[in-house]
Amino acid sequence: MIVFLLKIIYFCQPIRMEKKRVLLGMSGGTDSSVAAMLLQEAGYEVTGVTFRFYDSEGFEEHLEDARRLASRLNIPHIIYDARRLFRERIVSYFIHEYLSARTPVPCTLCNNELKWPLLAKIADEMGIYWVSTGHYVRKVFLDGSYFIAPAADRDKDQTFFLWGLKQDILERMLLPMGDWTKSEVRAYAAKRGFERAATKKDSLGVCFCPMDYRSFLLREVSPELLLGKGRFVDESGDFLGWHEGYPFYTIGQRRGLGIHLNRPVFVKELRKETNEVVLAPLSSLYKNEMLLKDWNIVDDARLLHRDDVIVKIRYRKQANRCTVSRTEENHLHVQLHEPLESIASGQAAAFYDEAGLLLGGGIIV
Ligand SMILES: Nc1ncnc2c1ncn2[C@@H]1O[C@H](COP(=O)(O)OP(=O)(O)OP(=O)(O)O)[C@@H](O)[C@H]1O
């Protein structure tokens with residue numbers, strides 16, 4: 001009987017049995033290549049997956065690099081065609097947000113709703129427990145919950161993009177880059193004889209339009225939807241000049257406006273209905289509060305109604321103290337302790353405690 005019961009427990013926990021196996025997202029870049037080496041070195045049986053997210057000239061090269069590395073490390077490697085999903089969930093959203101006069105956060109959305117959940121789904125199908133990437137973050141377990149924490153390399157820290165991940169994913173994440181700096185990672189790859197992985201360029205910006213989102217919109221969106229020429233106005237509605245269509249501007253933008261006034265002006269508001277872009281001095285762009293939708297909280301007690309929470313709405317160079325509460329409409333209300341400029345709807349806000357633990361985040365309404 002006891003043997004029978006033990007067998008039931010054993011078979012009801014198939015995931016437990018696979019705790020030496022890990023599914024790693026392999027982009028072909030330096031970080032995920034070194035992640036594969038480190039995981040293997042730590043004794044894991046690594047399987048690599050490369051997602052085909054969109055068609056680009058460079059993809060075949062990245063894919064070949066991932067394949068070659070997997071073959072040298074003697075690990076299985078699969079390609080997963082995620083083009084339809086990526087187009088529907090990320091690219092269409094990206095275009096729709098600009099056309100709705102909002103500022104999209106495609107990398108945040110991709111990580112939280114596509115990349116990590118897809119890794120977990122494929123891992124489930126393969127009976128693999130752990131999922132991993134080359135992200136520069138750590139995770140910690142505190143009072144019964146997992147939290148994302150900053151990596152040793154503060155310059156590469158990618159916590160800002162991961163606030164939407166829930167416990168079911170967090171508990172399965174392996175994050176081998178967390179204790180490494182990028183220069184150590186390059187040196188390690190070189191020392192192991194992986195010269196190509198050691199010297200690859202860092203990826204920059206949004207992967208499917210790394211240069212300029214404006215030329216991407218021009219290529220992807222029909223001209224009628226972009227509306228064309230419209231009025232730059234000041235806060236009183238007075239005409240200041242002509243612009244190229246509201247989707248080509250973002251809140252807080254100063255450069256590239258194509259208008260020369262005798263004072264510095266910034267984009268304060270985008271008016272979709274009238275195709276107007278409101279320009280104002282920086283002092284007019286400050287706000288004391290914001291509302292978030294589609295939010296995620298890792299731990300209520302560490303986030304809500306406190307005065308020591310830090311909020312970031314930009315990846316770098318900004319951190320403000322705030323107090324967060326829930327509203328009756330199920331938004332998060334963020335009361336900033338000091339005003340913050342250029343808060344754009346559609347952008348993400350990520351919350352941290354003083355030690356840098358990621359407490360959650362949401363999308364600015
Ligand atoms: N096409 C892809 N297929 C599978 N995993 C991917 C893909 N793109 C990114 N990833 C995973 O997500 C992680 C973070 O990707 P991101 O593009 O933000 O960073 P990166 O610094 O360019 O990483 P890398 O040097 O590994 O390319 C990568 O390290 C990799 O594990």
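Below, each value reflects all heavy atoms present in this structure, side chains not excepted, and no hydrogens, waters or symmetry copies. In listed order, ligands and their atoms are each counted from 1. Everything numeric here is computed off the predicted structure, so don't read it as measured data.
- With a 4.0 Å cut-off on non-hydrogen atoms, V49 touches ligand 1 through its backbone and not its side chain.
- Remark: ligand 1 and S32 share an N or O pair separated by less than 3.5 Å (distance only, no angle test).
- Within the listing of ligand 1, atoms 17 (O), 20 (P), 22 (O) sit less than 4.0 angstrom from a heavy atom of S203.
- Between S33 and ligand 1, not a single N/O pair is under 3.5 Å apart.
- Heavy-atom separations between Q158 and ligand 1 include at least one value shorter than 4.0 Å.
- Aromatic pair Y188/W180: centroids less than 6.0 angstrom apart.
- Below 3.5 Å of separation, one finds no N or O of F53 facing any N or O of ligand 1.
- Paired with M37 under the rule side chain to side chain contact (heavy atoms under 4.5 Å, CB included), one option of L69, I75, V185 passes, and it is L69.
- Using a 4.0 Å cut-off between charged nitrogen and carboxylate oxygen, R192 and E41 count as a salt-bridge pair.
- Ligand 1 places these atoms under 4.0 Å from at least one heavy atom of T30: 25 (O).
- Atom numbering of ligand 1 starts at 1 in the shown order; those under 4.0 Å from a heavy atom of G29 are 24 (P), 25 (O), 27 (O).
- Taking the ring axis of Y129 as reference, the NZ or CZ atom of R172 stays within 45° of it and closer than 6.0 Å to the ring centre.
- Aromatic pair F248/Y98: centroids not less than 6.0 angstrom apart.
- Between F161 and Y315, the ring planes are tilted. Angles from 30° to 60° get that label.
- Ranking protein heavy atoms by distance to atom 7 (C) of ligand 1, first place goes to S27 CB, 3.6 Å.
- In terms of protein heavy atoms, atom 31 (O) of ligand 1 is closest to G25 O, 2.6 Å.
- Shown here are the salt bridge (charged side-chain N to carboxylate O under 4.0 Å, His left out) partners of E64, two or more places apart in sequence or in another chain: R67.
- For K312 and Y352, the positive end sits near the middle of the six-membered ring, less than 6.0 Å away and at most 45° from its axis.
- No part of R52 comes within 4.0 Å of ligand 1, judged by heavy-atom distances.
- In this model, a donor atom of one side chain and an acceptor atom of the other lie less than 3.5 Å apart for N111 and H135.
- Of the candidates P176, A197, G134, the one placing a heavy atom closest to atom 29 (O) of ligand 1 is G134.
- Taking atom 21 (O) of ligand 1 as the reference point, the nearest protein heavy-atom neighbour is D31 OD2, 2.7 Å.
- At a threshold of 4.0 Å, the pair R89-E113 counts as salt-bridged, since one of the basic side-chain nitrogens sits closer than that to a carboxylate oxygen.
- Y54 does not carry R87 over the face of its six-membered ring by the limits of under 6.0 Å from the centre and within 45° of the normal.
- Annotation: F51 places an N or O atom under 3.5 Å from an N or O atom of ligand 1; distance criterion only.
- Considering both main-chain and side-chain atoms, T50 never comes within under 3.5 Å of ligand 1 through any nitrogen or oxygen pair.
- Nearest-residue assignment for atom 14 (C) of ligand 1 (options H135, H62, M26; heavy-atom criterion): H135.
- Where the criterion is an N or O separation shorter than 3.5 Å, residue side chain and backbone included, K115 meets it with respect to ligand 1.
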